[in-house]
Amino acid sequence: MIHELLLALSGYPGTIFTWNKRTGLQVSQDLPFLHPSETSVLNRLCKLGSDYIRFTEFIEQHTGHVHQQEHHANQPSQTGLHGIYLRAFCTGLDSMLQPYRQALLDLEQEIHGCQILETVYKHSCGGLPPVRMALEKILAVCHGVMYKQLAAWMLHGLLLDQSEEFFVKQGPSAGGAAANQEEEEEDLGLGGLSGKQLRELQDLRLIEEENMLAPSLQQFSLRTEMLPSYIPIRVAEKILFVGESVQMFENHNHSPSRAGSILKHQEDMFAAELHKLKQQPLFSLVDFENLIDRIRSTVAEHLWTLMVEESELLEQLKIIKDFYLLGRGELYQVFIDLAQQMLKTPPTAVTEHDVNVAFQQAAHKVLLDDDNLLPLLHLTVDYQGKDSKATPPQDTSPRESPPTGWAALGLTYKVQWPLHILFTPAVLEKYNVVFRYLLSVRRVQSQLQHCWALQMQRKHLKSSQTDAVKWRLRNHMAFLIDNLQYYLQVDVLESQFSQLLQQINSTRDFESIRLAHDHFLSNLLAQSFILLKPVFHCLNEILELCHNFCSLVCQSVSSLDERGTSQLDFLVKGFRRQSSLLFKILSSVRNHQINSDLAQLLLRLDYNKYYTQAGGTLGR
């Protein structure tokens, strides 16, 4: 009735609180559940609503009459009160009613849903025994509603909250969206390191690329403003985890005979214990949290058994590492050779089919003939016009065609139930970001090795000064790319993956596994510099220069002509500039001792101080 009362006091009567021109606002006489004393109190409140309704009717009537007079000034005078003074009076009267409207709004926010628990709890802490006992009894009845919602949510995954009063809601949390505002893109094509870029590195502000690393959309989240203060946030997060796990389990449990109940068929026992807590006259946080912990432990342990033992999580992680993180290097080396030509141009509608044929051929060449695994993997190639019907309505900008097929390449993996809980589409998309980056580094490394093979074939020929410049540049490029590749594969991927396996094997709690996996993926993105914009931008520029150099070498079988020499000179200057910028970034961070990842890469590149002795510039 509280909502109906607030609406009536705001000037919107209904069937419970009725309006009559003569008697005003009153409680309906046909409500058997109201005690006469309650009816008397409510009717006293209704007098406020009656006065408010009459004031607002007066304001609307005479303000509207004044407007009519303004539009019909030349017509004969009409009966009734009117005039600009009356209009001013109505404006002043309306402003004096604003505190009343604000009080109703504050009251609604204060006593909405679970906030009623907080209000009653605060007032029950008073010193008057009769008042305290009465409010404690009221609070116990209100807790009965909360326990029913908890039982439905935690034991069956059902969110019974039509009025949005519970502290668990469907959809992501509202906070934090405005906090990740991306700063303007800076032009890093010129040498030197700006003070702003250095501050970004020193402050370790990891800037997310647009539409790259959006946080995984949670299906459910906490509505913290509805959480009573006597229930800690840590307990609410456990409640959220249990209900979300049960809900996902129930929705996707296609083989109940194999998986069984996520609560190990203890729903009735837990329901009885929740009912027992409901019967307690006073709320006990210790008893409440102990029960929540037991339910959570049951769910987390069962999910661990289901994921690690029955679904072979470790084997699935190895598949992710082999294919998304290029653990099967020999596979991708063959694939790069087979797909080099078909992906060097902008993709078309048939590119995706051809690429998957090449991927299957590469798998067979390296004796990877797992008939159960390969059908679950599929390479995707985005091109202009693909899935145009699925484009969101708000996206009205034309889609740009990727410059090459390599830039549009992606990998999909059909995750089997129940591993979809861990490997969500958002998680796989983050793996795809790492996949494209690692593949671009591996492809450039392969191209530079091919250039070395061409150099060996031509070493018996007479060389010119231009040839010396060309092969010296290749050596410097290969030195940088080889060390970058070693850093990514050994210092980052292998190190982080071994830590992940160790954490999984040291626990029997699914939530700990999920946190360890999230930490693993975050470390991959951070330590590979995908999130650190100045470094990532610089490395991409270097990769592009190396690719252009390899294209120039492969196109010029004999000595370079004047145009080729000019292009080579441009590449030499560009590589010097970007390698110098990279060295300045890495050195600046090392000097401030704030990022061990950048320092480790610098150690790889400058292990014998050659980089330092060359003035921080390669290619001179």
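The closest side-chain heavy-atom distance from N523 to F520 is not below 4.5 Å. In this structure the side chain of I16 never reaches within 4.5 angstrom of the side chain of S28, judged on heavy atoms. With contacts defined as side-chain heavy-atom distances shorter than 4.5 Å, the pair L515/Q503 does not qualify. Taking 4.5 Å as the limit, some side-chain heavy atom of E352 sits within range of a side-chain heavy atom of N356. The closest side-chain heavy-atom distance from L525 to V434 is below 4.5 Å. Inter-residue side-chain proximity for R514 and F510 is flagged as met; some heavy-atom pair is nearer than 4.5 Å.
Considering only residues two or more places apart in sequence or on other chains, Y324 meets the side chain to side chain donor-acceptor pair (under 3.5 Å) condition with none of them. The side chain to side chain donor-acceptor pair (under 3.5 Å) test applied to Q489 returns no partner, not counting sequence neighbours. E57 is linked by a salt bridge (Lys or Arg N to Asp or Glu O under 4.0 Å) to K21, counting only residues two or more places apart in sequence or in another chain. In terms of the salt bridge (Lys or Arg N to Asp or Glu O under 4.0 Å) criterion, R54 has no residue partners (sequence neighbours excluded). By the ring pair (Phe, Tyr, Trp, His ring centres under 6.0 Å) test, Y147 pairs with no residue at all, sequence neighbours left out. For D293, the side chain to side chain donor-acceptor pair (under 3.5 Å) partners are K238, not counting sequence neighbours. Under the side chain to side chain donor-acceptor pair (under 3.5 Å) criterion, Y431 pairs with H517, not counting sequence neighbours. By the side-chain contact (heavy atoms from CB on, under 4.5 Å) test, V235 pairs with I231, P232, I239, F288, E289, I292, sequence neighbours left out. Remark: R44 pairs with no residue by the salt bridge (Lys or Arg N to Asp or Glu O under 4.0 Å) rule, at least two apart or across chains.
Taking CG of L313 as the start and CG of L422 as the end, the distance is 6.0 Å to the nearest 0.5 Å. Atom CZ of F497 sits about 6.5 Å away from atom CG of L500, to the nearest 0.5 Å. Atom-to-atom distance recorded for S297:OG and H302:NE2 is 14.5 Å, nearest 0.5 angstrom. With rounding to the nearest 0.5 Å, the separation of CZ in R436 from CD1 in I530 is 9.5 Å. Q496 contributes atom CD, which lies 10.5 Å from atom OG of S528 (distance to the nearest 0.5 angstrom). Taking CG of D509 as the start and CD1 of I513 as the end, the distance is 8.0 Å to the nearest 0.5 Å.
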Tell me which donor-acceptor pairs under 3.5 Å the side chains of residues 45-52 have, and how far apart each pair is, sequence neighbours excluded?
residue	atom	partner	partner atom	Å
S50	OG	L25	N	2.7
S50	OG	C46	O	3.0
Y52	OH	R101	NH1	3.2

Using a 3.5 Å cut-off and no angle test, enumerate the donor-acceptor pairs between side-chain atoms of residues 269-284 and protein atoms at least two apart in sequence or in another chain.
residue	atom	partner	partner atom	Å
E273	OE1	R294	NH1	2.7
E273	OE2	R294	NH1	3.4
E273	OE2	R294	NH2	2.8
H275	NE2	Q279	NE2	3.3
S284	OG	D287	N	3.4
S284	OG	D287	OD2	3.4

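Although no hydrogens or angles enter the test, the distance criterion places no donor-acceptor pair under 3.5 Å between the side chain of Q149 and the main chain of M146. Although no hydrogens or angles enter the test, the distance criterion places a donor-acceptor pair under 3.5 Å between the side chain of S311 and the main chain of L306. In this structure, N432 contributes its side chain and L411 its backbone to a donor-acceptor pair below 3.5 Å. The main-chain N or O of K414 is found under 3.5 Å from a side-chain atom of Q416 such that the two form a donor-acceptor pair. Here the side chain of S498 pairs a donor or acceptor atom with the backbone of S495 at under 3.5 angstrom. Of the possible donor and acceptor atoms, none in the side chain of R296 sits under 3.5 Å from a partner among the backbone N and O of F241. Of the possible donor and acceptor atoms, none in the side chain of D382 sits under 3.5 Å from a partner among the backbone N and O of A408. Between the side chain of T424 and the backbone N or O of H420 there is no donor-acceptor pair closer than 3.5 Å. One N or O on the side chain of T412 and one on the backbone of H378 form a donor-acceptor pair closer than 3.5 Å.
Annotation for Q502: atom CD does not count as buried by contact number, only 12 or fewer foreign heavy atoms lying within 6.0 Å. Heavy atoms from other residues, nucleotides or ligands lying under 6.0 Å from CG of D268 number 12 at most.
No side-chain donor-acceptor contact under 3.5 Å links E267 and H156. Side-chain contact, N43 with Q26: no donor N or O sits under 3.5 Å from an acceptor N or O.
The two residues Y413 and L428 come nearest to each other via the heavy atoms O-CD1, 3.9 Å. Nearest heavy atom pair, residue V242 against residue M154, reads CG1-O, 3.5 Å. Scanning both residues, V246 and G157, for their nearest heavy atoms gives CG1-N, 3.5 Å. Pairing each heavy atom of A526 with each of L531, the nearest pair is N-CD1, 4.5 Å. When all heavy atoms are compared, the tightest approach of G410 to F435 is C-CE2, 4.2 Å.
The existence of a salt bridge linking R508 and E309 is confirmed by a sub-4.0 Å separation between a basic side-chain nitrogen and an acidic carboxylate oxygen. Taking 4.0 Å as the cut-off between side-chain N and carboxylate O, D518 and K430 do not count as a salt-bridged pair.
Taking the six-membered ring wherever Trp is involved, the centroid distance between the rings of Y437 and F536 falls below 6.0 Å. The ring of F167 has its center no closer than 6.0 angstrom to the ring center of W153.
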Pair L222-I233, side-chain contact (heavy atoms from CB on, under 4.5 Å): steps then yes or no:
CA-CA 9 Å; L222 290 178; I233 190 70; 3.7 Å; yes

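With L438 as reference, L488 is the one residue of V433, L524, L488 to meet the side-chain contact (heavy atoms from CB on, under 4.5 Å) rule.
Residue pairs that meet the salt bridge (Lys or Arg N to Asp or Glu O under 4.0 Å) test with at least one member in residues 315-328, sequence neighbours left out, are K318-D322, K321-E494, R328-E330.
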